[in-house]
Amino acid sequence: MPSTSETGHAKNVANFEDLISFCNGYGATYNPSKDALTIAKLTDLQTNAKASLQQAKITKTSFDNATNARQLAFKDLKPLATKIVNALAVSGATALAVADAKTINRKIQGAKANGSTKTPATPADPNAPAPTDKTISTSQQSYDSLIDHFTKLIESVSQDANYKPNETELKVATLQTKLDSLKTSNTDLVNTYTNWSNARINRNTTLYNPLTGLVQTALDTKKYVKSVFGATSPQFKQVSGLEFSNIKDR
């Protein structure tokens, strides 16, 4: 379901298309001296606005897909880490080696020093408001930490000669493959978020730049129509009802 802000962006662009149509219908009478208000420039701005909206939608979908993929990749990490520690514990490894592995596992599980657990950061819900750079950064640090802890756990068991599980999912080679998949899913999310963030910046500049944006240009165009035909003219009534808003939630 599109967010309110996404609907607002689309409405601005749709109303701008209507505005151009009305102005084009005035024929030679519509002849602004300001170049940005000419039909040609309005049409160019409309084209760019549509493209910026589409690119924002495409990159948001990629980000959502990457978010889901990372959630899936990390879903079984905590139970897997516990299995690794248990396998090490029954392998004949020293008590110190097992203790070290348990310490790493507690970090993976999110345990505090007193044994309680903290709620890990989770990726943004695709249906929720757009996450900020701050929330993404906080979540990213959490996933980076999980990768770091899991890397240390693999190093710990791989260097222990007693760790030789028969279960495929617990073998060092399999664990390394798992680690690679975690890193890949994490990097993919970082890159897709960057692309989405840049697309939003471009969209917001195209639509909401206070001097050259679509909304300001639309308001200027309406003022020009009012100045040419008059405040009570049927022409101005055509365009005056078209609403254009600067969307705060971007």
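What's counted below: heavy atoms across the whole structure, side chains too, no hydrogens, waters or symmetry copies.
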Trainee: Take Gln235 and Val239 through the side-chain contact (heavy atoms from CB on, under 4.5 Å) test and state the conclusion after the steps.
Mentor: CA-CA 7 Å; Gln235 289 86 353; Val239 302; over 6 Å; no
Trainee: Are any non-hydrogen side-chain atoms of Lys178 and Thr174 less than 4.5 angstrom apart?
Mentor: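 Heavy-atom side-chain distance check fails, nothing below 4.5 Å.
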Trainee: By the definition side-chain hydrogen bond (donor to acceptor under 3.5 Å, both in side chains), identify the one residue from Asn186, Thr184, Asp188, Thr192 that meets it with Arg70.
Mentor: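 The passing option is Asn186.
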Trainee: By side chain to side chain donor-acceptor pair (under 3.5 Å), which residues pair with Lys83, not counting sequence neighbours?
Mentor: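 Here the qualifying residues are Glu169.
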Trainee: Over all heavy atoms of both residues, which pair between Phe244 and Val215 is shortest? Give the atoms and the distance, please.
Mentor: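 Heavy-atom minimum between the residues: CB-CG1, 4.1 Å.
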Trainee: Got a sec: does the NZ of Lys171 have more than 12 other heavy atoms crowding it under 6.0 Å?
Mentor: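 Yes.
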Trainee: Working to the nearest 0.5 Å, report the span between CG of Leu153 and CD1 of Ile84.
Mentor: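 Here the rounded value is 4.5 Å.
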Trainee: At their closest point, which heavy atom of Ala56 faces which heavy atom of Ala199, and how far apart are they?
Mentor: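 For Ala56 versus Ala199, the nearest heavy atoms are CA-CB, 3.9 Å.
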Trainee: Rounded to the nearest 0.5 Å, what separation is found between the NZ atom of Lys60 and the CG atom of Asn195?
Mentor: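 Interatomic distance, Lys60 NZ to Asn195 CG, rounded to 0.5 Å: 14.0 Å.
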Trainee: Do the side chains of Thr217 and Leu37 get nearer than 4.5 Å, heavy atoms only?
Mentor: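 They are in contact (side-chain heavy atoms under 4.5 Å apart), so the answer is yes.
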Trainee: Is any side-chain heavy atom of Ile104 closer than 4.5 Å to one of Asp100?
Mentor: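 The answer is no, as the side chains (C-beta and beyond) never meet within the 4.5 Å cut-off.
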Trainee: Hey, any chance Ile39 and Val13 share a hydrophobic cluster, counting ILVMFWY side chains that come within less than 4.5 Å of each other, even indirectly?
Mentor: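 Yes, Ile39 connects to Val13 through the hydrophobic network.
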Trainee: With a 3.5 Å distance limit and no angle check, can you tell me whether Ser21 reaches the backbone of Glu17 through a side-chain donor-acceptor pair?
Mentor: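 A pair under 3.5 Å: no.
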Trainee: Taking the side chain from Gln216 and the backbone from Asn209, do they hold a donor-acceptor pair closer than 3.5 Å?
Mentor: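 Judged by distance alone, no pair lies under 3.5 Å.
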Trainee: Please check this pair: side chain of Ser156 against backbone of Lys152, looking for a donor-acceptor N/O pair closer than 3.5 Å.
Mentor: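 A pair under 3.5 Å: no.
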Trainee: Assigning hydrophobic clusters by single linkage (Ile, Leu, Val, Met, Phe, Trp, Tyr; side-chain heavy-atom cutoff under 4.5 Å), is Tyr30 placed with Leu219?
Mentor: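 Yes; Leu219 is reachable from Tyr30 via cluster members.
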Trainee: Rounded to the nearest 0.5 Å, what separation is found between the CG atom of Asn31 and the OG1 atom of Thr38?
Mentor: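 Output value for this atom pair is 9.5 Å.
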Trainee: With sequence neighbours left out, write down each residue that passes ring-ring contact (aromatic ring centres under 6.0 Å, His included) with Tyr163, or none if nothing qualifies.
Mentor: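 ring-ring contact (aromatic ring centres under 6.0 Å, His included) list for Tyr163, sorted by chain: empty.
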Trainee: With heavy-atom distances below 4.5 Å as the criterion, would you say the side chains of Asn198 and Asn202 are in contact?
Mentor: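 The answer is no, as the side chains (C-beta and beyond) never meet within the 4.5 Å cut-off.
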Trainee: Roughly how far, to the nearest 0.5 Å, is the CG atom of Leu207 from the CD1 atom of Ile247?
Mentor: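 Answer rounded to 0.5 Å: 8.5 Å.
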Trainee: Would you name the heavy atoms of Cys23 and Thr221 that are closest together and state the gap between them?
Mentor: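 Of all heavy-atom pairs spanning Cys23 and Thr221, the closest is SG-CG2, 3.6 Å.
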Trainee: Could you walk me through whether Tyr143 and Leu182 pass side-chain contact (heavy atoms from CB on, under 4.5 Å), step by step?
Mentor: CA-CA 9 Å; Tyr143 281 103; Leu182 297 181; over 6 Å; no
Trainee: Checking Thr206 against Leu45 for the side-chain contact (heavy atoms from CB on, under 4.5 Å) test, could you report, in this order, the C-alpha distance in whole Å, the side-chain angles of both residues, the deciding distance, and whether it holds?
Mentor: CA-CA 8 Å; Thr206 303; Leu45 181 54; 4.1 Å; yes
Trainee: Arg200 and Tyr193: which non-hydrogen atoms are nearest, and at how many Å?
Mentor: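 Heavy atoms only, the tightest pair is NH2-OH, 4.1 Å.
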Trainee: What are the two closest non-hydrogen atoms of Lys226 and Ala231, and how far apart are they?
Mentor: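 Residues Lys226 and Ala231, closest heavy atoms: CE-CB, 3.7 Å.
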Trainee: Check the angle between the aromatic planes of His9 and Tyr208 and answer parallel, tilted or perpendicular using the 30° and 60° thresholds.
Mentor: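 Tilted, since the angle between the ring planes falls between 30° and 60°.
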Trainee: Would you mind telling me which of Asn68, Leu189, Asn191, Ile58 makes a side chain to side chain contact (heavy atoms under 4.5 Å, CB included) with Phe63?
Mentor: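 Of the listed options, the one satisfying the test is Leu189.
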Trainee: For the side chain of Asn105 and the backbone of Ala101, is there at least one donor-acceptor N/O pair under 3.5 Å apart?
Mentor: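 A pair under 3.5 Å: no.
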Trainee: Would you name the heavy atoms of Tyr224 and Thr29 that are closest together and state the gap between them?
Mentor: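 Taking Tyr224 first and Thr29 second, the nearest heavy atoms are OH-O, 3.9 Å.
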Trainee: Check whether the side chains of Arg106 and Thr103 place a donor and an acceptor atom closer than 3.5 Å, and report yes or no.
Mentor: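 Checked: Arg106/Thr103 side chains pair up, N/O donor to acceptor below 3.5 Å.
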Trainee: In sequence, state the C-alpha distance, the side-chain angles, and the governing distance for Thr187 and Val190, and then conclude on side-chain contact (heavy atoms from CB on, under 4.5 Å).
Mentor: CA-CA 5 Å; Thr187 298; Val190 171; 5.6 Å; no
Trainee: Is Asn12 reaching over with its side chain to a backbone N or O of Ser245, donor-acceptor style, under 3.5 angstrom?
Mentor: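 Yes, because the side chain of Asn12 sits within donor-acceptor range (under 3.5 Å) of the backbone of Ser245.
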Trainee: First locate atom CZ of Phe236, then atom NZ of Lys222, and finally report the distance between them rounded to the nearest 0.5 Å.
Mentor: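 Going from the CZ atom of Phe236 to the NZ atom of Lys222 covers 6.5 Å.
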Trainee: Give a yes or no on whether a salt bridge exists between Lys107 and Asp148, defined as a side-chain N under 4.0 angstrom from a carboxylate O.
Mentor: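 Answer for the salt bridge query: no.
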Trainee: In Å, rounded to the nearest 0.5 Å, how long is the span from CD1 of Ile108 to NE2 of His149?
Mentor: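 Answer rounded to 0.5 Å: 7.0 Å.
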Trainee: How would you list, by chain and number, every residue that makes a ring-ring contact (aromatic ring centres under 6.0 Å, His included) with Phe229, sequence neighbours excluded?
Mentor: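 Counting only residues at least two positions away or on another chain, Phe229 forms a ring-ring contact (aromatic ring centres under 6.0 Å, His included) with Tyr26.
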